[in-house]
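Note sheet for the following structure.
The first residue in the sequence is number 1, and the count goes up from there.
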Amino acid sequence: MNHFHAKAEWIDGAWRALVRYSHKADYRPVMSGETPAGFASRDKALIAAYQAQEKHLNGTIRGFGDKVCAARAEAERLFRPGRKPVVVERARARPL
């Protein structure tokens with residue numbers, strides 16, 4: 001069961017946003033400080049759950065962001081608009 005899921009449940013008199021991450025087996029509530037956040041409606045709880053899931057996917061999982069940014073900066077350096085292209089030497093293939 002390697003997938004993400006977000007849901008809203010009525011717990012202790014309020015709607016709670018719950019998120020399940022692929023590396024954790026159980027649902028965890030969306031927190032507001034030290035306590036689980038309570039919402040007035042199911043829709044608001046679902047929105048908060050999906051936002052927490054999206055924040056995790058775009059932040060925590062994309063831990064290789066430095067490499068992506070470095071590769072993009074290198075590509076932009078090679079293909080600068082309005083300037084003459086930078087000549088890149090390629091390594092020769094070794095004979096087999």
Check: S32 side chain, T35 main-chain N or O, donor-acceptor pair, under 3.5 Å: no
4.5 Å side-chain heavy-atom contact, R16 and P36: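 Of all side-chain heavy-atom pairs linking P36 with R16, at least one is under 4.5 Å.
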Residue pair R28 / D26, side-chain heavy-atom distance below 4.5 Å: yes
Residues that Y27 engages under side chain to side chain contact (heavy atoms under 4.5 Å, CB included), provided they are two or more places apart: H5, K7, L18, R20
Those residues that, when tested against V30, pass side chain to side chain contact (heavy atoms under 4.5 Å, CB included) (two or more places apart):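 Applying side chain to side chain contact (heavy atoms under 4.5 Å, CB included) to V30 gives A17, V19, A52.
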Least distance between heavy atoms, M31 atom then E34 atom: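 For M31 and E34, the tightest heavy-atom pair comes out as CE-O, 3.2 Å.
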Members besides W15 in its Ile/Leu/Val/Met/Phe/Trp/Tyr cluster (side-chain heavy atoms under 4.5 Å):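 Same cluster as W15: W10, F39.
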